[in-house]
Amino acid sequence: MTAIVSNLQAVHIAIEQALQSAMRGTADVKLLAVSKTFPAPSVREAYEGGQHEFGESYVQEALGKMATLSDLAIVWHYIGPVQSNKTRDIAENFAWVHGVDRLKIAQRLSEQRPTGMPALNICLQVNVSGEASKSGVVPQEVVGLAQEVSKLPNIKLRGLMAIPAPIDDEVAQRKPFAHLRQLSQEIGEQGIVLDTLSMGMSHDFVAAIKEGATIIRIGTAIFGKRDYGENI
Ligand SMILES: *Cc1c(COP(=O)(O)O)cnc(C)c1O
């Protein structure tokens, strides 16, 4: 068994344990493997180990891997910050976008989603850590943004996403995740049905699962430490 496949198995075991301790059903969480900076052969290795959904943060890098791996039935998620000049490539090539925090970006994605493709799945990124993060809509504005985004034709608003400031302690890690879940409930009370909480990374996914995460985004624990210098 390769290192990537054995790491995947270890992550699945940790997910099951966290689900059990949270009294949540098995298979209640989708694992998104974050493959940014790792080359196509690593993605193929994970795919052959049973992992079919991958997250990428850099558009050009992702397009290269998509071309190389076009023989695989991969579901690609864009998880990086969305710049206006990248929306067309994103709308044309990904199934999900996790980092939307402005109406203008959502409008562009909707306009540029090719007809004939299924609606683009969107998560709104919320800044639940205050000063510590630059991206994400502020919590006070997320309900209004969700109302506007949910009206757009070629995208489907699925839920909320957050990247809290890194903390070691699990109790402290849970607070911003609980906040995101609370905001999702507030949006639900406005009649907008959401089914996704995209939260939790290698260092805090157990806390995220205990607060209701439905997608966790794991890179390091599957592929190892990233080397940004050589791979981009
Ligand atoms: C890189 C990245 C991840 C994965 O982080 P790890 O700590 O390596 O698990 C998750 N989410 C986003 C948005 C990322 O950019």
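Keep in mind that this is a model prediction, so the values were computed, not measured. Read the numbers this way: they start at 1 and go in the same order the structure lists the ligands and their atoms.
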Practice item. Tell me which protein heavy atom sits closest to atom 14 (C) of ligand 1, plus the residue, atom name and distance to 0.1 Å. Key: K36 NZ, 2.9 Å

Exercise for review: Please state whether the rings of F223 and F54 are parallel, tilted or perpendicular, taking 30° and 60° as the class boundaries.
Suggested key: tilted

Review point. Going by the order shown, which atoms of ligand 1 are within less than 4.0 Å of some heavy atom of T220?
Key: 6 (P), 7 (O), 8 (O), 9 (O)

Review point. Going hydrophobic residue to hydrophobic residue with side-chain gaps under 4.5 angstrom, can you get from V34 over to W76?
Key: no

**Study point:** Within-cut-off N or O pair, R217 and ligand 1, under 3.5 Å
**Key:** yes

Exercise for review: Please identify which atoms of ligand 1 are closer than 4.0 Å to at least one heavy atom of I163.
Suggested key: 13 (C)

Practice item. State the atoms of ligand 1, each with its element, that fall below the 4.0 Å cut-off from a heavy-atom position in I218. Key: 9 (O)

Practice item. Evaluate the side-chain proximity of L31 to L8: yes if any heavy-atom separation is below 4.5 Å, no if none is. Key: yes

Check your understanding: Angle class for the H77/W96 ring planes (parallel below 30°, perpendicular above 60°, tilted otherwise)?
Key -> parallel

Exercise for review: Considering only non-hydrogen protein atoms, determine which one is nearest to atom 5 (O) of ligand 1 and report residue, atom name and distance to 0.1 Å.
Suggested key: M201 CE, 3.3 Å

Check your understanding: Looking only at heavy atoms of R226, does any of them come nearer than 4.0 Å to an atom of ligand 1?
Key -> yes

Review point. For ligand 1, is any non-hydrogen atom under 4.0 Å from M161's backbone (N, CA, C, O), its side chain (CB onward), both, or neither?
Key: side chain

Review point. Below 4.0 angstrom, N of the basic side chain to O of the carboxylate: do D71 and R44 qualify?
Key: yes

Review point. Looking only at protein heavy atoms, which one is nearest to atom 12 (C) of ligand 1, and how far off is it?
Key: I79 CD1, 3.5 Å

Review point. Does a donor on one side chain and an acceptor on the other come within less than 3.5 Å for T87 and R108?
Key: yes

Review point. In terms of hydrophobic clustering (I, L, V, M, F, W, Y; side-chain heavy atoms under 4.5 Å; direct or indirect links), are F38 and L72 co-clustered?
Key: yes

Check your understanding: Which heavy atom of the protein is the closest neighbour of atom 9 (O) of ligand 1, given with residue, atom name and distance?
Key -> S202 OG, 2.5 Å

Point to revise | Residue pair S135 / N127, side-chain heavy-atom distance below 4.5 Å | key: no

Review point. Within less than 4.0 angstrom of ligand 1, does S57 place any heavy atom?
Key: yes

**Study point:** Atoms in ligand 1 flagged as close to G219, the criterion being non-hydrogen separation under 4.0 Å
**Key:** 4 (C), 6 (P), 8 (O), 9 (O)

